[in-house]
Amino acid sequence: MKNTIKPLSTKPVKLSEKNKDFFDLVYQVVRLVPYGRVTSYGAIAKYLGSARSSRMVGWAMNASHVQKGVPAHRVVNRNGELTGKMHFSSPDEMQQLLEAEGIVIVDDTVIDFDKLFWDPVKELGFE
DNA sequence: AAGATGACGATTG
DNA sequence: CCAATCGCCATCT
């Protein structure tokens, strides 16, 4: 799997305007996740109005690692599992970043996920 | 052009 | 509770 966004490449960004918007929105929402809290792909998808396109959120996150200020480690799946840890520079980086924020993780799963869960729809309101 | 893939999620058996 | 399936939709091969 190659990155679609290659800012350092001669190849231009290969994203349509529509997707660019979607990516930006995802980044913005993720950036709003408070320190020590987490959210899910589905929650973001729902907030963006595409409740059934959580996979696209995951895809957006895949490209987010080239962005700055996007705490991708605060985004886990609906069970609080660190499903995207393998996509970090180091497989353990995601967990370490979360633990550094006081989040307890056991077996790649966030403990008290329901308490730490930050739902953009609920916190920011529906648009 | 067609089928496979995936940082997902909900449902069903 | 675990496994199989389906819906979703941009990308990749």
Side-chain angles (χ1 to χ4, degrees):
Chain A
M1 189 73 73
K2 298 176 181 177
N3 294 325
T4 308
I5 297 178
K6 298 181 178 179
L8 301 180
S9 170
T10 55
K11 275 285 186 180
V13 176
K14 187 183 177 184
L15 295 173
S16 64
E17 293 180 23
K18 182 179 181 181
N19 284 328
K20 185 176 181 297
D21 289 339
F22 186 75
F23 277 49
D24 283 339
L25 288 170
V26 172
Y27 300 151
Q28 286 182 44
V29 174
V30 176
R31 270 192 267 252
L32 292 176
V33 179
Y35 180 95
R37 302 288 297 284
V38 294
T39 189
S40 71
Y41 305 96
I44 295 173
K46 185 178 181 182
Y47 178 70
L48 298 181
S50 302
R52 293 174 175 135
S53 299
S54 48
R55 281 189 149 137
M56 294 305 99
V57 176
W59 183 255
M61 295 310 297
N62 188 13
S64 77
H65 72 95
V66 297
Q67 296 292 315
K68 296 179 180 178
V70 181
H73 59 284
R74 294 184 189 145
V75 184
V76 296
N77 74 357
R78 73 164 187 105
N79 286 319
E81 299 168 320
L82 281 53
T83 52
K85 66 179 216 168
M86 45 278 260
H87 293 275
F88 284 73
S89 55
S90 168
D92 300 317
E93 189 174 314
M94 187 174 188
Q95 179 170 338
Q96 291 175 4
L97 287 170
L98 289 172
E99 292 179 327
E101 298 188 2
I103 297 176
V104 181
I105 298 172
V106 176
D107 193 32
D108 292 340
T109 303
V110 175
I111 302 303
D112 288 331
F113 175 63
D114 53 336
K115 294 180 182 177
L116 298 174
F117 182 62
W118 184 84
D119 185 351
V121 177
K122 180 181 178 182
E123 305 292 339
L124 303 177
F126 212 80
E127 296 185 10

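Proteins get letters first, then strands, A, B, ... in listed order; numbering begins at 1 in each.
- The separation between A:M56 atom CE and C:dA10 atom P is 7 Å, rounded to whole Å.
- Residue A:R52 has no polar side-chain atom (N or O) positioned under 4.0 Å from OP1 or OP2 of B:dG9.
- In this structure, A:K46 places its NZ atom 12 Å from C1' of B:dG9, rounding to the nearest Å.
- The distance from atom CG of A:N62 to atom P of C:dT11 is 12 Å, rounded to the nearest whole Å.
- Base contact: A:A72 has a heavy atom under 4.0 Å from a base atom.
- One atom, CG of A:N79, and another, P of B:dG9, lie 8 Å apart when rounded to the nearest Å.
- The nucleotide whose nearest atom lies closest to any side-chain atom of A:S53 is, among C:dC8, B:dA7, B:dG9, C:dC8.
- Distance OH (A:Y41) to P (B:dA10): 14 Å, rounded to an integer number of Å.
- Distances from the side chain of A:S54 to the nucleotides C:dC9, B:dG9, B:dA7 place B:dG9 closest.
- The closest donor-acceptor contact from the side chain of A:S40 to the backbone of A:A43 lies under 3.5 Å.
- At least one donor-acceptor pair under 3.5 Å links the side chain of A:D119 to the backbone N or O of A:V121.
- If you measure from atom CG of A:L48 to atom P of B:dG9, you get 14 Å, rounded to the nearest angstrom.
- When the C1' atom of B:dG6 is taken as reference, atom CD of A:E81 falls 16 Å away, rounded to whole Å.
- The closest side-chain donor-acceptor pair between A:N77 and A:E81 falls under 3.5 angstrom.
- Rounded to the nearest Å, the gap between the P atom of C:dT5 and that of B:dA4 is 15 Å.
- In this structure, the CH2 atom of A:W59 is 13 Å from the C1' atom of B:dA4, given to the nearest Å.
- No donor-acceptor pair under 3.5 Å is formed between the side chain of A:S54 and the backbone N or O of A:Y41.
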